[in-house]
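Each chain gets a letter, A, B and so on, in the order the sequences are listed, and its residues count up from 1.
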Number of protein chains: 2
Amino acid sequence: MENTRGRKSSREKILDAAAELVAEIGAGRLTLDAVAERAGLSKGGLLYNFPSKDALLQAMIQRMIDQVTESREALRAQMEPGPNLEARLATKTLLNMCCGGKMQEVATGLMVATAENPRLLDPVRTVIAETLDRLKANSDDLDAALLGWLAVEGLSNLEMHNLSPFSDQDRERIVQLINRLLTKGIAS
Amino acid sequence: MENTRGRKSSREKILDAAAELVAEIGAGRLTLDAVAERAGLSKGGLLYNFPSKDALLQAMIQRMIDQVTESREALRAQMEPGPNLEARLATKTLLNMCCGGKMQEVATGLMVATAENPRLLDPVRTVIAETLDRLKANSDDLDAALLGWLAVEGLSNLEMHNLSPFSDQDRERIVQLINRLLTKGIAS
DNA sequence: GCAACTAAACCGTCCAGTCGGTATATAAAT
DNA sequence: ATTTATATACCGACTGGACGGTTTAGTTGC
């Protein structure tokens, strides 16, 4: 059991290191040596935990997905009731990630996967499809829900590639806009 | 001048080849040898046209920007007057790119740049900032314009990474939604 | 005669993955 | 109690191939 605990801790350290490095040096420059050094172990140790680079990237993606899911379910409890709850929850989750400090892990996995092996995005595709299903099943105003969701996707994509032209003020305004859209809908 | 014509044609072939390859094998796997072979010339010929890989990537980005700009200005003439013209134009331009066949060139440049040298995204940053400025300056209903623009950004990002869960039908609906948003605004 | 290449060898570097070895712990055998 | 065995977790030198870029010598078409 101590083994398991030890292994887990190393795995986490490695995933943290990888995410940090992607943010710092770019997705295409991620090397196993760099990850190992940052994580405080040798390359051999790294490859002991993840038998290939691909396995490491896969784990990065999976952790990202898990974090988003966890975060969503944690937020679900705190949501005040009202229309388009699922959509409001989805936007809040993404906003929490991308405007809080956690954006790193959300973005970096995607970027590495896109760079090295687009197939790694398959699980992400599934999650997104599930999100759409949930929205379709649970929205009072699907039009507003779709637009709101897409807008948050757009915003977080801009942020994660550092392409966002928005000031904190702009962003705050946009968040309020989306909430207004989700609660009041599009003018008929 | 014939030189220029010849060079231009080769340059175009090379840029096309690079864009195709990125779409096929992933942004991080783009090699000069592969581009040269696909473009139908030698590596020497490729490096004669673009003295370094970085120069090639830069040109990919620039061509992408030029295509978006051209497309926008071409569409501008055909727009029917009405509120939020600039925002409707922006969305129509992006939709034309991402739902038509031209999405490839729009996306691939971004992906390679993100993978290999994030600095190459600088000009893209500028374009996006300019777009926001144009929206702010020319929108009757800035709220709707911002939301619509972000939604199209979100949609096109999903499409360009092949993450989109939308059917053609869904997409059609979303486009109409955005247009309704831009013409009628958010319910107060 | 020059621009725009071709063809192919070559160099230096980077990097994923391999492999033999080590340290520690726990268990089994004597 | 001591040796032996086994498994876990890790080290780090090394290999082999890929890749960006250079060079050189020759070719083609205007």
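- In this structure, B:Leu41 places its CG atom 16 Å from C1' of C:dA8, rounding to the nearest Å.
- For the pair A:Phe50 CZ and D:dA9 P, the interatomic distance rounds to 13 Å; values are reported in whole Å.
- At a cut-off of 3.5 angstrom, counting only N and O atoms as typed in the model, there is a donor on one side and an acceptor on the other between the side-chain of A:Lys43 and the base of C:dA16.
- At the heavy-atom level, B:Leu32 lies under 4.0 Å from the strands shown only through sugar-phosphate atoms.
- Taking atom CG of residue A:Leu56 and atom P of nucleotide C:dC15, one finds them 15 Å apart after rounding to whole Å.
- Between the P atom of C:dA8 and the CG atom of B:Leu47 lies a distance of 17 Å, rounded to the nearest Å.
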### Task
For B:Glu116 and A:Arg29, run salt bridge (Lys or Arg N to Asp or Glu O under 4.0 Å): C-alpha distance rounded to whole Å, both residues' side-chain angles, the deciding distance at 0.1 Å, then the answer.
CA-CA 7 Å; B:Glu116 302 236 5; A:Arg29 301 212 190 291; 5.5 Å; no
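- Residue A:Thr31 is classed as a sugar-phosphate contact, given heavy-atom separations below 4.0 Å to backbone atoms only.
- Counting heavy atoms from C-beta on, the side chains of A:Asp170 and B:Lys136 come closer than 4.5 Å.
- When atom types are taken as modelled, the side chain of A:Asn84 and the backbone of A:Ala145 share no donor-acceptor pair closer than 3.5 angstrom.
- Atom CG of B:Asp33 is separated from atom P of C:dT6 by 13 Å (rounded to the nearest Å).
- Remark: the B:Lys53 side chain and the D:dG21 base include no donor-acceptor N/O pair separated by less than 3.5 Å.
- The side chain of A:Asn49 contributes an N or O atom lying less than 4.0 Å from OP1 or OP2 of D:dC10.
- Between the C1' atom of D:dG17 and the CZ atom of B:Arg29 lies a distance of 14 Å, rounded to the nearest Å.
- A:Leu46 comes within 4.0 angstrom of nothing in the nucleic acid, heavy atoms only.
- For the pair B:Ser10 and C:dC5, the criterion of a side-chain N or O lying under 4.0 Å from OP1 or OP2 is met.
- A donor-acceptor pair under 3.5 Å is formed between the side chain of B:Thr91 and the backbone N or O of B:Arg88.
- Listed pair B:Tyr48 / C:dC5 fails the phosphate criterion, with no side-chain N or O lying under 4.0 Å from OP1 or OP2.
- Proximity of A:Glu86 to A:Thr131: side-chain heavy atoms (C-beta onward) are nowhere separated by under 4.5 Å.
- Comparing A:Leu30 and A:Gly44 by the nucleotide of DNA chain C whose heavy atom lies nearest to each, the residue mapping closer to the 5' end is A:Leu30.
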